[in-house]
Amino acid sequence: MTVDQAKGILLTYRPWAAANDPAYAEALALARADSELRRWFEAHCAAQEAIRSNFKSIAIPEGLKAQILSERVSWLAAFRQRHRVALSVAALILIGIAAASLWTNLRPAGGPTEAINLAGFRGRMVTTAVRLYNMELETDNAERIREHLGRKGAFNDYRLTSGLRQTTLTGCGVLEWQGRKVSMVCFRSGKSLPAGMKSDLY
């Protein structure tokens, strides 16, 4: 196993859940033996713990679960009626985090295959927002955001939850997942943010 292959495997490692998982045994052994990989792995674990801590500190808005479930049911009904093969969601809500990104390497070739389901999609979007994401357009104007997403060929006919309508728009960008364009809309909750951080809701 090479260092790059080990990084690809350890990228999915979570310190609180995977310590005894045999799937990571060979990669962990290499991390103990290789100083460069060990430093990368320690930074990866620190970032995961920071992300987990920030998620735990965020209060879940009242009614959010019911809102997400109702929107999912509506989206699935429209999907069946129109026979569209798409993974876009009406509103992608990733409750934000204020963790510094410690990763500098993209997912190496030869790493584990990404799950082609909602969990795989959500995991990729969270990782991207935490590690790499930059807004293509910075604005609080909802129409400009929809126009920008439309020009890029991305989904722009989304509806915001009542909770998100009370926050401030900060901009948007277009990402990709499995060869499909994904719209990301960014918001600011109003909480105090670290210097240089413009959004805490995605």
Report summary line: Heavy atoms of I145 and G171 approach each other most closely as CD1-O, 3.8 Å
Query - Interatomic spacing from CD in E143 to CG in L169 - rounded to 0.5 Å - result: 10.5 Å
Query raised in the report: Ring centroid separation for F41 and Y13, is it under 6.0 angstrom?
Result: yes
Query raised in the report: Between the side chain of Q5 and the main-chain N/O of T2, is any donor-acceptor distance below 3.5 Å?
Result: yes
Query raised in the report: Under a 4.0 Å N-O cut-off, is there an ion pair linking K198 with E138?
Result: yes
Query raised in the report: Taking side chain as C-beta onward, heavy atoms only, is E136 less than 4.5 Å from K152?
Result: yes
**Report entry** Minimum side-chain heavy-atom gap T167-R188 below 4.5 Å
**Finding:** no
Query raised in the report: Do L10 and L28 have side-chain heavy atoms sitting under 4.5 Å apart?
Result: yes
Report task. Give the C-alpha distance, both sets of side-chain angles, the deciding distance and a yes or no for side chain to side chain contact (heavy atoms under 4.5 Å, CB included) between L201 and V185. Result -> CA-CA 8 Å; L201 297 173; V185 182; over 6 Å; no
Query raised in the report: Would you say T161 and R165 make side-chain contact, with heavy atoms under 4.5 Å?
Result: no
Requested in this report: Taking the side chain as every heavy atom from C-beta outward, state whether K181 and F155 have any pair of such atoms under 4.5 Å apart.
Outcome: no
Query - R146 side-chain N/O to Y158 backbone N/O, donor-acceptor pair under 3.5 Å - result: yes
Report summary line: Output for pair (D157 CG, S183 OG), nearest 0.5 Å, gives 10.5 Å
Query raised in the report: Taking the side chain as C-beta and beyond, is there a heavy-atom pair between C172 and L149 under 4.5 Å?
Result: yes
Query raised in the report: Is there a donor-acceptor pair closer than 3.5 Å between any side-chain N or O of Y202 and the backbone N or O of M125?
Result: no
Query - Shortest non-hydrogen separation from L11 to H44 and the atoms involved - result: O-CE1, 3.2 Å
Query raised in the report: Can you tell me how far CD of Q48 sits from OG1 of T12, rounded to the nearest 0.5 angstrom?
Result: 9.5 Å
Query raised in the report: Is it true that a side-chain atom of D34 and a backbone atom of L30 form a donor plus acceptor pair closer than 3.5 Å?
Result: no
Requested in this report: Would you check if T168 and F187 make a side-chain contact, meaning some heavy-atom pair closer than 4.5 Å?
Outcome: no
Query raised in the report: Considering only heavy atoms from C-beta outward, does the side chain of I9 approach that of M1 to under 4.5 Å?
Result: yes
Report task. Evaluate whether atom CD of E49 has more than 12 neighbouring non-hydrogen atoms of other residues, nucleotides or ligands under 6.0 angstrom away. Result -> yes
Query raised in the report: Regarding S199 and T170, is there a side-chain donor-to-acceptor distance under 3.5 Å anywhere?
Result: yes
Report summary line: Here the pair of heavy atoms bringing N117 nearest to W177 is O-CH2, 3.7 Å
Report summary line: Heavy atoms of A6 and L37 approach each other most closely as CB-CD2, 3.7 Å
Query - For A31 against R38, the heavy-atom pair lying closest together - result: O-CB, 3.1 Å
